[in-house]
Amino acid sequence: MRTIEDKASQIGRPAPEPATAAPPPHRPTARLLPWAWAAGLAVLYATVAVRRHLLLRTTGYDLGIFEQAVRAYAELRAPVVPLRGPGFHLLGDHFHPLVAALAPLYRLWPSPLCLLTAQSALLALAVVPLARWAARALGPAAAHTVAAGYGLSWGIASAAAFDFHEVALAVPLLAFGLEALGRRRWRAAVAWTAPLLLVKEDLGLTLAAVGAYIAWRGPRRLGLLTATAGLLGSAVEIAVLLPAFHPAGGYAHGGNLDGAAYGSLLSTLAHAPLDVLRPETKATTLVLVFAPSALLALRSPLALLAVPTLAWRMLSDNGFHWGTAFHYSAVLMPVVFAGLIDVLSGWRRDAGPLAARQVRASLATVLAVTAVLLPSFPLAQLAQRATWRASPHAAAARSLLARIPDGATVAASNRLAPQLTARCTVVVFPTFPVRGRLYEYRPEKLPRPTAEWIAFDRRAPESWPYPAGHWPYPLERQEAELAAARERYGYREVATRDGVTLLRAASPR
């Protein structure tokens, strides 16, 4: 005899949850619980992000880049980004047209703080469906645990404390979609996750994984159509749209998976099972991804939705993709906590005393893991004196940058660039990249500076998650370019203070 779920899946309607999982009566305060967590987390993330910006810890790469793009959208222009090169259309780097949704907000508040605050709110918003699902299936204590575990997880913390990135838009979309999957609301799950195609080109593979899950657990036709749309969407973006927008054609990040290490893509795929786990950084990251759920998420089929993101990261030739820094793990955290809720909900339905103890013990373990990992990741910056101490260097830099008039063209050090992108046309000093090539260091290829102003900071910045030092070139090389600007290209020094030097072109350029 067919089960209720099987029959409901055949006709594409959600099956009722088993009687043992019936939700407790909802008080008005219970309905507000997820939103209260979201508000608190948004303030927490924004505090970290804003303090980093005020201390000159944000960068032209990437906050400045995204601000230039959103500023262009707000002014109804194509997202041409001078920081990425002359005439560089940012949709040729990654395919993220949904970033344009932030343009109306930026129009009202034209500042890098607008993007940082919006990102904080988006990352925090994802806690709402997760906590709501946990409250319905497991009760208020579990909802608080899931909210704390997700909100303080290292993957979200790393994203919240590193500039702005398009994946912030994907995190709440995926969280709401996962809640819908958990409640067998198949069409709602597709509606929430379909926009992932407009956030980043690889997220079509995550949409395909959502479709595969629906085809397995729900209406097969809807699932297969969703999976096909995800695969075709990513293929079209990578093979057609991104090359069309890129100045040099081709997919800018295809080299990360081009098989150069083994001579061919086929050989790379043959070595893939071992390369996923070596070097050991990869294995460590794979464990840490699921650690916030006390590894229980691995017991849920929803964990399969993490496979596309983990696969491209572990198979990439770019070492930045392998570790726990930056924003790369943000989209994985909703998957991990959705898997946790799914597993614990199954135990709860057993309705036995042993199952209830297992649930309580698991939730306690999740809180313990959260507490252990918290000091090693960026939210711990809030407990550091340096985060709250006034920075004389930052004050000196802002004083000098204030001399630059609105609308000027400026070549600025990477840490100074996002202090100017709201009101000036900014490139990185020394000129970088060259002819659309991201890592081009040969001195003979650097063109002469053409910006009206040069703002240079010789102080080594506090640079988490980057290693300490100057970027994109060593300090000696940057100082040589600064000297050339004075001696060969006619720039004159306007002021120098606390390691920050401001130059101006002798004549209009």
Side-chain angles (χ1 to χ4, degrees), residues 34-54 57-84 89-91 93-129 151 156-177 191-200 203 327 330-331 334 398 406-407 417-426:
W35 294 100
W37 268 102
L41 291 173
V43 171
L44 180 70
Y45 303 153
T47 301
V48 174
V50 170
R51 287 303 301 168
R52 289 187 73 249
H53 183 70
L54 295 178
R57 297 179 184 178
T58 53
T59 64
Y61 276 66
D62 293 305
L63 177 58
I65 286 174
F66 279 103
E67 185 178 9
Q68 287 183 336
V70 175
R71 179 182 173 185
Y73 284 130
E75 296 172 355
L76 302 182
R77 297 185 286 108
V80 173
V81 174
L83 279 164
R84 285 290 278 111
H89 196 298
L90 198 60
L91 292 183
D93 183 34
H94 287 299
F95 192 74
H96 40 53
L98 199 58
V99 169
L102 298 176
L105 181 62
Y106 186 85
R107 184 90 179 189
L108 296 173
W109 185 16
S111 166
L113 299 182
C114 173
L115 297 190
L116 295 174
T117 303
Q119 174 170 264
S120 300
L122 288 165
L123 294 175
L125 179 60
V127 83
V128 171
I156 297 300
S158 296
F162 178 55
D163 290 12
F164 172 90
H165 292 87
E166 71 286 306
V167 296
L169 294 158
V171 174
L173 291 172
L174 192 52
F176 279 100
W192 279 114
T193 54
L196 293 176
L197 282 170
L198 303 178
V199 177
K200 195 161 172 275
L203 289 173
H327 56 288
V331 296
R398 275 192 286 272
D406 293 354
Q419 307 292 323
L420 293 164
T421 41
R423 60 185 186 88
C424 298
T425 299
V426 184

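Since we're looking at a predicted model, the values are computed, not measured. Hydrogens, waters and symmetry mates play no part in the numbers below; they use all other heavy atoms, side chains included.
To the nearest 0.5 Å, atom CZ of residue Arg52 and atom CZ of residue Phe162 are 7.5 Å apart. To the nearest 0.5 angstrom, Phe66 atom CZ is 6.0 Å from His165 atom NE2. In this structure, the separation between CG on Leu54 and CZ on Arg398 is 5.5 Å, given to the nearest 0.5 Å. With values rounded to the nearest 0.5 angstrom, Glu166 atom CD is found 6.0 Å from Lys200 atom NZ.
Counting all heavy atoms, side chain and backbone alike, Leu122 lies closest to Ala168 at CB-O, 3.5 Å. Pro79 approaches Ala69 most closely through the heavy-atom pair CB-CB, 4.1 Å. Nearest approach of Val199 to His96, heavy atoms of both residues: O-CB, 3.0 Å. The minimum heavy-atom distance between Ala126 and Pro172, with the atom names listed, is CB-CA, 3.9 Å. Annotation for Cys114 and Leu105: closest pair SG-CG, 3.7 Å, computed over non-hydrogen atoms. What you find for Val48 and Ala161 is that their closest heavy atoms are CG1-CB, 3.7 Å.
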Requested in this report: Please test Val128 against Trp35 for side-chain contact (heavy atoms from CB on, under 4.5 Å), starting from the C-alpha separation and ending with a verdict.
Outcome: CA-CA 6 Å; Val128 171; Trp35 294 100; 3.7 Å; yes
**Report entry** Stepwise side-chain contact (heavy atoms from CB on, under 4.5 Å) test for Trp109 and Thr117
**Finding:** CA-CA 11 Å; Trp109 185 16; Thr117 303; 3.6 Å; yes
Report task. For the pair Ile156 and Val127, evaluate side-chain contact (heavy atoms from CB on, under 4.5 Å) and give the outcome as yes or no after the intermediate values. Result -> CA-CA 11 Å; Ile156 297 300; Val127 83; over 6 Å; no
Query raised in the report: Which is it for Phe164 and His327 under the side-chain contact (heavy atoms from CB on, under 4.5 Å) test, yes or no, and what are the steps along the way?
Result: CA-CA 9 Å; Phe164 172 90; His327 56 288; over 6 Å; no
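With sequence neighbours excluded, the residues satisfying side chain to side chain contact (heavy atoms under 4.5 Å, CB included) with Ala46 are Ser120.
Within the structure, salt bridge (charged side-chain N to carboxylate O under 4.0 Å, His left out) contacts touching residues 93-103 (residues at least two apart or in different chains) are Arg84-Asp93.
Between Leu173 and Leu98, the closest side-chain pair of non-hydrogen atoms falls below 4.5 Å. Annotation: side chain of Leu102 is not in contact with side chain of Tyr73 (no heavy-atom distance under 4.5 Å). The shortest distance between side-chain heavy atoms of His53 and Leu63 falls below 4.5 Å. Side-chain contact between Leu169 and Val99 is present, with heavy atoms from C-beta onward closer than 4.5 Å.
Using modelled atom types, no side-chain atom of Gln119 and backbone atom of Tyr45 make a donor-acceptor pair closer than 3.5 Å. Side chain of Gln419 to backbone of Thr58: no donor-acceptor contact under 3.5 angstrom is found. When atom types are taken as modelled, the side chain of Arg423 and the backbone of Pro110 share no donor-acceptor pair closer than 3.5 angstrom. At least one donor-acceptor pair closer than 3.5 Å links the side chain of Asp163 to the backbone N or O of Thr59. Tyr61 contributes a side-chain N or O that, together with a main-chain N or O of Leu83, makes up a donor-acceptor pair within less than 3.5 Å. At distances below 3.5 Å, at least one donor-acceptor pair connects side-chain atoms of His89 with backbone N or O atoms of Leu91.
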